[in-house]
Amino acid sequence: MDLGLKNRVVIVTGAASGIGKQVAIAYAKEGAFLALADINLAGLEALAKKELKGANVYFEKVDVTDAKNCEMFVKNVHKHFGRIDVLVNNAGTAKMGDMATFPEETFRAHAELMMYAPVRLINLCIPYFKKNKWGSVVNTASIFGKQPGGLISYDTIKAADIMITKDYSNYLAPMNVNVNAVCPGPVDTPLWYADGQLGDQLAAATGMDKKGAIEWFAKTNIPMERYAKPEEIANAIVFLSSVPAHYITGVALDIDGGMVKGI
Ligand code: NAD
């Protein structure tokens, strides 16, 4: 199938690691032009030099929680490529914690990163989508926006992301822009495996070692008994923003090995 993404300009946030990195690689394979944002500049540089060698890539150190930074980035992308076609809102993080004592400042920081930043970036891209008379947005939500994972800030904000997706899908449909979300279950990325991240937090909560805790979680919660590979999420994101999928809008697609129980 021709996805019609050749020479389209795609913004990916949180592109230096995990899902975002594989999203960038997947778009590059389709011949898209890439505009990558992350706070991890060294990660972006390494990606551009290695996995994206030969692709048409623009990247910048961007903190998506900073409104001015986002504004400049989107302007610079347009200046560099002359158009913007696709926005993938992917930057994110997660933290386990007791609900009764979960720090308010962490909750607010997570909302800045995973709720306000996607809204801000969608709004910044709208004028360019209008110019094209075409556009596509994919937000990285989570199955924990559909059923509770016990991560109070994360679950709440990912549920908001699904509603943001639905509201913007209605608002932007007359402008020929589709807006969808992907809802991954657990994915094999640094968000789980890096030091101090969810794997270590789960290990501390269960008294197992990190590897054992992650395997136990997969076996007891995921019908397919394994975490997703980041490529499996990237493929769905690329498809949802493709030309043949353009009539799909307002969808929050589970990619979870069967973990969500609702129909
Ligand atoms: P990751 O930690 O590997 O990558 C996240 C990226 O976001 C990093 O490169 C990080 O530097 C970047 N980032 C963080 N704060 C930023 C900021 N302020 N500005 C710009 N960039 C910033 O994690 P991942 O697993 O690839 O997660 C990507 C997205 O997928 C997140 O939104 C996450 O919530 C979502 N998700 C992940 C899983 C999972 O199990 N890994 C499951 C469902 C949803």
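Computed from a predicted model, the values in this text were never measured in an experiment. Atoms within a ligand are numbered from 1 in the order they appear, just like the ligands themselves.
By the salt bridge (Lys or Arg N to Asp or Glu O under 4.0 Å) test, D98 pairs with no residue at all, sequence neighbours left out.
Under the side-chain contact (heavy atoms from CB on, under 4.5 Å) test applied with F144, the options D155, I157, T156 reduce to a single match, D155.
Around ligand 1, the residues contributing at least one heavy atom under 4.0 Å from the ligand are G14, A16, S17, G18, I19, D38, I39, V62, D63, V64, T65, N90, A91, G92, L113, T140, A141, S142, Y154, K158, P184, G185, P186, V187, T189, P190, L191, W192.
Within the structure, side-chain hydrogen bond (donor to acceptor under 3.5 Å, both in side chains) pairs that include any residue of residues 24-41 comprise Y27-S241 (at least two apart or interchain).
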Sequence neighbours excluded and cut-off under 3.5 Å, please list the side-chain donor-acceptor pairs for residues 6-20, or say none.
{"residue": "R8", "atom": "NE", "partner": "G4", "partner atom": "O", "Å": "2.9"}
{"residue": "T13", "atom": "OG1", "partner": "N90", "partner atom": "N", "Å": "2.8"}
{"residue": "T13", "atom": "OG1", "partner": "A91", "partner atom": "N", "Å": "3.0"}

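Looking at heavy atoms from C-beta onward, D195 lies in side-chain contact with K210 at the 4.5 angstrom threshold.
The local environment of OH in Y193 is crowded, with over 12 non-hydrogen atoms from other residues, nucleotides or ligands closer than 6.0 Å.
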